[in-house]
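First up is the structure itself, then whatever we jot down about it.
Each ligand, and each atom within it, is numbered from 1 in the order the structure gives.
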Amino acid sequence: MLHTFAFHDLFIPGNVSAPPTRIDTGYLIPPGRVALLHPFGETEFYRHGWNSWSPSGWTRTDGETIGIKNSPGRLLTADDAVNDTPHAHSGSAVGAIAGPNGDVLLLGSLGLGTPRVGADGNTLWARAEHDEAGWFVAYGPEQKVFADYADLVSERLGRRSQKAGRVWSSWYSFYEGIDEQLVARTAADLSGYPFDVFQLDDGWEPIVGDWTAGPDFPSGMEATARTIRDAGFRPGLWLAPLIALPQSPIVRERPDLLVKDEHGQPLVTGYNWGSHYHSLDTTQDEVKEHLREVFTRVTGWGFSYLKLDFMYAGAVPGHRQRDLHREAAYRDAIQHIRQVVGDEVYLLGCGVPMIPSVGVFDGARVGPDVGAFWDNAERVGDPSGVGARNSIIDSVNRAWMKRLYEVDPDAVYFRSARNLLDASQRGMLQDVAAILEFKSTSDPVEWLSESEREELRRYLERSNEVRQLGRYTFSIDGREVDLTAAVTGTYVPEPPSVVA
Ligand code: 9PG
């Protein structure tokens, strides 16, 4: 049916499935397809990515689309592959187009069902694989309409209140090369630094899919958790509980517990660790029981901050035992995990589908991995590739998600050693983390000079007064920070100086 949406002096004709309801901040539209005829012509479009690593940001409707191009494996891992439209502008759950004077027209889903929003020079449209959530449409100042949208989403899906505090993570220094002695030494060196959490990342487990202590942790994970606690920190642990590598015991022994393809074979749900991997079918009772065991075990060891990674793989299309929409299956799985660990455990989502994680996760990663370099030379043009540049672009474009959960832009660096980022690039990362209010680093004390140690301390101790001034401009403690060049890609790094 046709409906005309009235926003002050702007009238937008739209095609909707049932009559919308006016609310103070805009309109609620019942589930079903939506097409709005906008008067802005070719303009800017805000594209939102499906999971933590998926590209998000503003582009022109008559310009290049934002997304992962020409790389099916990465697309499967780092965005919603089946709904991607490389030749047309579309994104996940929410989209917006820019009108005059900083006002935007936003259209966003209020729930699950892999909702999709797209635009061109005439229309802003929305549809979902599984339509039951309904939509919000609003027109007004950019920050206000995004905030209003976020508030409606968390009204429906919840908002947790636990804060992570300041986090040290092992990933961006040691990667998988961790062992119990290195962890003990690193934690002892950090003792007295104002960190709240010391989080072990990937590398402790024998193989992804087997969440027991690996060979480099011969004393067991409980001993390591104790070591971390004795150093003065809350023990944190990484795991990817919904996926398993082909060589893991669960895949070899119980392939029946996996999500299947159309031939009944274990479905490939992503790529990493030089391999493909599979997903657990969380709709099966035995898988729920397995998850209960895993989470009872790791919290029993003493870890109370959990970084749950590659979670999108629990929401990919595939054959599951129970026939419910993939995002509903995912939410059911994370609610089960939350129920097992209880309210006191901090859950940081990584590689999570963004909207279906609201209200269950305390925090979520909102961009690709950082790296100790600006851009990835091997994957130029892949906006989900590792590096400071891509991480900053995605994270800043998702600052509005603060209202849904804590937003983690990933680690920042203080070290100049073993780092290709110069001081100004390190400063940008530090500013982005201050703006998003989530401070983490991976620098071992040993890798820092005396002055870098001081800088790190000051950074962690400072609580910042942050204000957003414009789309990419902020004030941090009265200092103006303009990230426009970095986020829009016009920032060109200085060529590294050659040290004789
Ligand atoms: C551990 C790492 C770290 C890191 C996570 C995640 O799109 N991808 O293919 C992709 C692969 C790995 C990845 C991110 C994206 O890294 O983000 O912080 O925990 O796993 O293995």
Exercise for the section: Work out which heavy atom in H48 is nearest to a heavy atom in S56; give both atom names and the distance. Expected result: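 Closest heavy-atom pair between H48 and S56: CD2-OG, 3.6 Å.
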Margin query: For D84 versus R116, what's the shortest heavy-atom pair and its separation?
Written below: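 Where D84 meets R116 most closely, the heavy atoms are CA-NH2, 3.8 Å.
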Check your understanding: Hey, is E176 touching ligand 1 through its side chain, its backbone, both or neither, going by heavy atoms under 4.0 Å?
Key ->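 Neither part.
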Which segment of Y172 sits under 4.0 Å of ligand 1 when only heavy atoms are counted:
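It is the side chain that touches ligand 1; the backbone stays farther off.
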Rounded at 0.5 Å granularity, tell me how far CG in N419 sits from CG in L421.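 So the gap between those two atoms works out to 4.5 Å.
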Would [X] count as being in polar contact with ligand 1, using the rule that some N or O on each side must be under 3.5 angstrom apart?
| X | result |
| --- | --- |
| W53 | yes |
| T77 | no |
| R74 | yes |

request  = May I ask you to establish whether R365 and W171 are in a cation-pi arrangement, using a distance under 6.0 Å from NZ or CZ to the six-membered ring centre and at most 45° from the ring axis?
outcome  =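 Negative - R365 is either too far from the ring of W171 or too far off its axis.
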* **Within 45° cone and under 6.0 Å: R297 NZ/CZ vs W211 ring** =>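 No, a cation-pi geometry is absent between R297 and W211.
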Among all protein non-hydrogen atoms, which one is nearest to [atom], and what is the separation to 0.1 Å?
| atom | answer |
| --- | --- |
| atom 11 (C) of ligand 1 | N272 OD1, 3.4 Å |
| atom 19 (O) of ligand 1 | D201 OD1, 2.6 Å |
| atom 20 (O) of ligand 1 | D309 OD2, 2.9 Å |
| atom 4 (C) of ligand 1 | D369 OD2, 3.2 Å |

Give me the ring orientation class for [X] and [Y]: parallel if the planes are under 30° apart, tilted from 30 to 60°, perpendicular past 60°.
| X | Y | value |
| --- | --- | --- |
| H278 | H276 | perpendicular |
| F174 | W168 | tilted |
| F146 | Y46 | perpendicular |

Mark up the atoms of ligand 1 that fall under 4.0 Å of a heavy atom belonging to [X], in ascending order.
| X | answer |
| --- | --- |
| A78 | 7 (O) |
| K307 | 3 (C), 4 (C), 18 (O), 19 (O) |
| R365 | 17 (O), 18 (O) |
| C350 | 5 (C), 17 (O) |

Discussion item. Less than 4.5 Å apart, side chain to side chain, heavy atoms only: is that true for E129 and V82?
Written reply: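 Touching, per the 4.5 Å side-chain cut-off.
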| Does E176 CD have over 12 foreign heavy atoms under 6.0 Å away? |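 Counting other residues, nucleotides and ligands, CD of E176 exceeds 12 neighbours.
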Handout entry: Nearest neighbour of atom 1 (C) of ligand 1 from the list L348, D202, L75, D410, on a heavy-atom basis
Key =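 Comparing heavy atoms across L348, D202, L75, D410, the nearest one to atom 1 (C) of ligand 1 lies in D202.
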- prompt: With a 4.0 Å cut-off on heavy atoms, is F310 touching ligand 1?
  reply: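 Under 4.0 Å: yes for F310.
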